[in-house]
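First comes the structure, then the notes that go with it.
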Amino acid sequence: MDSVAHITDLADFIVASPTSYHAVAESARRLTAAGFTRRLETESWGGGTGRFFVEREGAVIAWVQPERAHATTPFRILGSHTDSPSFKLKPKPTTGAHGWLQAGVEVYGGPLLNSWLDRELELAGRLVTLDGTVHLVRTGPFLRIPQLAVHLDRGVNDGLVLDRQRHLQPVYGVGDLAHADVLAHLAVIAGIDPTAIAGYDVLVADTQEPRRFGLDGQLFAAGRMDNLTSVHAGLAALLAASDGGATDDAGHITVFAAFDHEELGSASTSGASGPFLDDVLTRIGASLGASTSERLQAYAASWCLSADAGHAIHPNYPERHDPANRPIAGGGPLLKINANQRYATDALGAALWARSCAAAGVPSQDFVSNNTVPCGSTIGPLTATRLGIRTVDVGTPLLSMHSARELCHIDDPTALSAAVQAFFRGA
């Protein structure tokens, strides 16, 4: 797939995925259309070869089990995450003051707060009724976090300070609180009785559509590229590599894993610190008759690519980057390295990544932080620690990471997906 086709499909994926729950639903839709069979965790999986996927909350894992797989067959895993920094709806969310209707929200993860001001936003997520049924819902443009006018804050351009409680509650109308309940509005959209809502996980998402722009349309802007670029790249690579049985003779079981809650530290049943991946790999091993020893043999020969967004060099802030390693937009996906194991890459992993990129015919760039600007972390060290599987951290270079609207070059997500596909094929 060329860059324009890939980025167009990525844009469609982002639009369909305002929350982790929607990203899983869209992934499941694409997997089902490609002939993958849904597994339920509450049922016996049995044995058999084929293409499968299983969902857990805001996470999804899909895999291709070739006919010649056996008890010690290793895994090739692409790990990513479905959530993005945002805001989440609080209990008793219908609030307001001085005639304005407002929604009570709290900060989710570490968003670049000022980037969310003065944008048309939506509420999206899941409603759960008393009987336990899950209803996905999204409002479309509904909210806005209005900034104070410069006339009322003459020093704002010398430094903006936002109080997370007082300044970040969005407005959605004017009128009487008793007749403009947020949950009732969501219930109407979902087609359910508002009184039947027993729980909800509803977040805020930007509604501006992804756009190509710039010289020759080289640049791409969208929300939630951290980390839907990696989710989409891994999913597209899995579908391409498995099409026509291309992974059947690769000598491993191919796995795509997209976890939730990475922006919060991954400590949940559907996060990378939780048991989801180990549960799935254990059940695959059990279907192959693997003993505990044989399963650990398989892990010892396995690899995981942890794909998450990284930083391209910022032309206005070059001093924030390492002076010798300065990834550029359009220069290819990143190999992410950190001496303190905030990324899991080591020399063996770097060699694997070099082989994958060479097989795909795409360039790669090294990313390492400036010593005075500590980096964040990813699911990579968590997966390596939990399972003992060798892990390599990679990703797409972005500007404006954790903004409501991030920026990349159209060639980089395409190259990432091509390298992942080569990894899946056994490079």
Could you walk me through whether Thr383 and Leu277 pass the side chain to side chain contact (heavy atoms under 4.5 Å, CB included) check? CA-CA 9 Å; Thr383 301; Leu277 180 58; 4.1 Å; yes
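Side-chain atoms of Val392 and Trp303, non-hydrogen and from C-beta on, do get closer than 4.5 Å to each other. Side-chain contact between Val156 and Gln147 is present, with heavy atoms from C-beta onward closer than 4.5 Å. Between His321 and Asn370, the closest side-chain pair of non-hydrogen atoms is not below 4.5 Å. Within the 4.5 Å cutoff, the side chain of Tyr343 has no heavy atoms near those of the Ile337 side chain. Between Trp45 and Leu40, the closest side-chain pair of non-hydrogen atoms is not below 4.5 Å. Looking at heavy atoms from C-beta onward, Tyr108 lies in side-chain contact with Leu264 at the 4.5 angstrom threshold. Taking 4.5 Å as the limit, every side-chain heavy atom of Pro275 sits out of range of all side-chain heavy atoms of Thr282. Using a 4.5 Å heavy-atom cutoff, the side chains of Leu143 and Leu123 are in contact.
Nearest heavy atoms, Lys92 versus Tyr200: N-OH, 3.8 Å. Taking all atoms of both residues into account, the shortest heavy-atom contact from Leu121 to Thr207 is C-CG2, 3.7 Å. In plain terms, the two heavy atoms of Ala309 and Ser230 that are nearest each other are N-OG, 4.3 Å. Closest of all the heavy-atom pairs between Ile145 and Pro170 is CG1-CB, 3.8 Å. Arg39 and Phe52 make their closest contact through NH2-CE2, 3.2 Å (heavy atoms, listed as atom of the first residue, atom of the second, distance). When every heavy atom of Trp353 is checked against every heavy atom of Pro333, the shortest pair comes out as CZ2-CG, 3.8 Å.
Looking only at distances, a side-chain donor or acceptor of Gln169 sits under 3.5 Å from a matching main-chain atom of Val105. At distances below 3.5 Å, at least one donor-acceptor pair connects side-chain atoms of Gln365 with backbone N or O atoms of Ile328. Side-chain N or O atoms of Arg326 include none that pairs as donor or acceptor with a backbone N or O of His314 at under 3.5 Å. Looking only at distances, no side-chain donor or acceptor of Ser20 sits under 3.5 Å from a matching main-chain atom of Asp83.
Cation-pi check for Arg212 over Phe220 is not met; the charged atom does not lie both under 6.0 angstrom from the ring centroid and within 45 degrees of its normal.
Among residues two or more places apart in sequence or in another chain, the ring-ring contact (aromatic ring centres under 6.0 Å, His included) test is passed with Phe367 by His311.
Applying side-chain contact (heavy atoms from CB on, under 4.5 Å) to Pro413 and the options Pro397, Ser3, Cys408 leaves one that passes, Cys408.
In this structure, a donor-acceptor pair under 3.5 Å is present between the side chains of Ser306 and Asp393. Defined by atom type and a distance below 3.5 Å, a donor-acceptor pair is missing between the side-chain atoms of His261 and Ser266. In this structure, a donor-acceptor pair under 3.5 Å is absent between the side chains of Ser80 and Asn227. Looking at His179 and Asp176, their side chains do bring a donor and an acceptor atom within 3.5 Å of each other. No side-chain donor from either of Thr254 and Trp63 sits under 3.5 Å from a side-chain acceptor of the other.
Rounded to the nearest 0.5 Å, atoms OG1 (Thr133) and CZ (Arg126) are 12.5 Å apart. Interatomic distance, Asp206 CG to Ser403 OG, rounded to the nearest 0.5 Å: 8.5 Å. Annotation: the span from Asn325 atom CG to Ser369 atom OG amounts to 10.0 Å, rounded to 0.5 Å. Going from atom OG1 of Thr37 over to atom CG of Leu31 covers 10.5 Å, rounded to the nearest 0.5 Å.
The pair Arg283-Asp278 fails the salt-bridge criterion, with no side-chain N (NZ, NE, NH1 or NH2) lying under 4.0 Å from an Asp/Glu carboxylate O. Remark: Arg56 does not engage Asp260 in a salt bridge, criterion side-chain N to carboxylate O under 4.0 Å. At a threshold of 4.0 Å, the pair Lys88-Glu106 does not count as salt-bridged, since none of the basic side-chain nitrogens sits closer than that to a carboxylate oxygen.
If you look at Tyr172 and His185, their ring centroids are not closer than 6.0 Å. Less than 6.0 angstrom separates the ring centroid of Phe87 from the ring centroid of Trp116. With ring centers used as reference points, Phe259 lies 6.0 Å or more from His81.
No more than 12 heavy-atom neighbours from other residues, nucleotides or ligands sit within 6.0 angstrom of CG on Asn371. No more than 12 heavy atoms of other residues, nucleotides or ligands sit less than 6.0 Å from atom OH of Tyr317.
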